2 protein chains.
Amino acid sequence: MTKADSPSQEDLMKLDNFLCFAIYSTNHAFTRVYKPLLDELDLTYPQYLVMVVLWEKDDQTVGSLGERLFLESSTLTPMLKRLEGMGYITRLRDRTDERQVRVKLTESGRALRKKADRVPHDIASATGMEPAELVRLKQEIASLRTSLLR
Amino acid sequence: MTKADSPSQEDLMKLDNFLCFAIYSTNHAFTRVYKPLLDELDLTYPQYLVMVVLWEKDDQTVGSLGERLFLESSTLTPMLKRLEGMGYITRLRDRTDERQVRVKLTESGRALRKKADRVPHDIASATGMEPAELVRLKQEIASLRTSLLR
DNA sequence: AGGATTTATATCGCGCACGATGTAATCGTG
DNA sequence: CACGATTACATCGTGCGCGATATAAATCCT
């Protein structure tokens, strides 16, 4: 394929040319980098993301957490039950709308934030990227996500 | 946070500032875009990636597939058994080294490639990105992966 | 040669992640 | 106000994905 040609069918079918595979495999790579850091908090990577959302804004419904994380209730419900079992959150039906479940941090869940303080910095340094560069890449990928979900 | 400051602890802990979450959620978004396309091939997204690797180079070991896809045998073995069950591949112990399992396309597996021909183009157009831009982003993410795995 | 070590794959248990479906509460419309 | 539709969450079945562990074959080392 020269610069002037459009990519051939051969090229299009090569794994190394797949943007999706770059994303897919880098996602796994992130999970591996997080593992030792999160083991100390007794959290999995998806559980950590839930905690981050709750640290940002406590007392949310399952639905609002799902919207924020792009996850379904079928994924969240069991995860939240595990976090509840670990004592980091509570799950209670909303008094005024019994369909909703309000998820709140416990004292222990709030305390965990301090233990997690160094995680973002450690991850950032594992990327080997400059902060500004990192922000730009993050933004590009987020806007790709928007296109894909359209 | 002004331009001159380094990011505060508050900023570092915000989900929307996580590069990893951009990757994580965009990976899910890709899976959703692929779903209707791959349903017609009776493949899941990870199974499709395995087939792409085999279409590139037939007759590989479980180990070489894992190296290519960054997956462990504990993930691949069950996936390959499913693909074998669907008649797309065969799994046979290597005669000269009985530890290895050689994975080969069946006639039906090779034929599937034609049905998959339009998938890469459809995906590319769902990204809404220009080919050159797409290549650049893919490359940036792949090199991030390399940093993370270091 | 032969026992220790390494390598390649498989198995198991756990936790995500989803689509399909179920259930109960709420809303909306006549 | 009643009843059909919608909403919010939960449940179930399937398929990743991994770490820990198992098993068998190949290799290494004297």
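Per chain, numbering begins at 1; letters A, B, ... match sequence-line order. Fair warning: this is a prediction, and the values are worked out from it, not measured in the lab.
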If you check every side-chain atom of His28(B), which of dA10(C), dC18(C), dC18(D) has the closest atom? dC18(C)
List the atom pairs, with distances to 0.1 Å, where a side-chain N or O of residues 19-29 of chain A and a protein N or O form a donor-acceptor pair under 3.5 Å, not counting sequence neighbours.
residue, atom, partner, partner atom, Å
Ser25(A), OG, Phe21(A), O, 2.6
Ser25(A), OG, Ala22(A), O, 3.4
Ser25(A), OG, Arg145(B), NH1, 2.7
Thr26(A), OG1, Ala22(A), O, 2.6
Thr26(A), OG1, Ile141(B), O, 3.3

Tell me whether the OP1 or OP2 atom of dG17(D) has a side-chain N or O from Tyr24(A) closer than 4.0 Å. yes
With a 4.0 Å cut-off on heavy atoms, is Leu76(A) in touch with a base, just the backbone sugar-phosphate, or nothing at all? nothing
Residue whose closest nucleotide on DNA chain C lies nearer the 5' end, Arg95(A) versus Thr44(A): Thr44(A)
Side chain of Glu98(A) - closest among dA25(C), dG17(D), dC9(D): dA25(C)
Side chain of Pro46(B) only, heavy atoms from C-beta on: which candidate in dC16(D), dC12(D), dT11(C) is closest? dC16(D)
Rounded to the nearest Å, what distance is computed from the CZ atom of residue Arg32(A) to the P atom of nucleotide dG15(C)? 19 Å
Footprint string (nucleotides 3-8 of chain D, 5' to 3'): B base within contact, S backbone only, - free, heavy atoms under 4.0 Å: ----BS
Atom CG of Leu71(A) and atom C1' of dC9(D): how far apart are they, to the nearest Å? 15 Å
Do Leu54(A) and Leu65(A) have side chains that get closer than 4.5 Å, going by heavy atoms? yes
Indicate, with a heavy-atom threshold strictly under 4.0 Å, whether Ser64(A) touches base, sugar-phosphate, or nothing. nothing
Output the rounded distance in Å from CG (Asp42(A)) to C1' (dC14(C)). 14 Å
Result for salt bridge (charged side-chain N to carboxylate O under 4.0 Å, His left out) between Asp58(A) and one of Arg102(A), Lys104(A), Arg110(A) points to Arg110(A)
Could you tell me whether the side chain of Leu41(B) reaches within less than 4.5 Å of the side chain of Leu112(B), counting heavy atoms only? yes
Quick one: Glu84(A) CD to dG15(C) P, roughly how many Å, whole number? 15 Å
What nucleic acid atoms does Arg91(A) come within less than 4.0 Å of, heavy atoms only: base, sugar-phosphate, or nothing? sugar-phosphate
Give a yes/no on whether any side-chain N or O of Lys35(B) is located under 4.0 angstrom from OP1 or OP2 of dA17(C). no
Whole angstrom value for the distance that separates C1' of dA10(C) from CD of Glu72(B): 13 Å
Taking Lys138(B) for the side chain and Asp16(A) for the main chain, is one N or O donor matched with an acceptor at less than 3.5 Å? yes
Heavy-atom nearest nucleotide on DNA chain D for Asn27(B) versus Ser73(A): which residue maps closer to 5'? Ser73(A)
Are any of Thr75(B)'s side-chain N or O atoms less than 4.0 Å away from OP1 or OP2 of dC18(D)? yes
Round to a whole Å and report the spacing from CG of Leu65(A) to C1' of dA17(C). 16 Å
Tell me whether the OP1 or OP2 atom of dT11(D) has a side-chain N or O from Thr77(A) closer than 4.0 Å. no
Distance check needed: dT7(C) P versus Glu67(B) CD, whole Å only. 13 Å
Salt bridge Arg91(B)-Glu84(B), side-chain N to carboxylate O under 4.0 Å: yes
In whole angstroms, the gap separating P of dT11(C) from CG of Leu80(B) amounts to 12 Å
Side-chain donor/acceptor of Asp94(B) to backbone N/O of Val101(B), under 3.5 Å: no
Whether the side chain of Gln47(B) engages the backbone of Met79(B) through a donor-acceptor N/O pair (distance < 3.5 Å, no angle test) should be reported. no
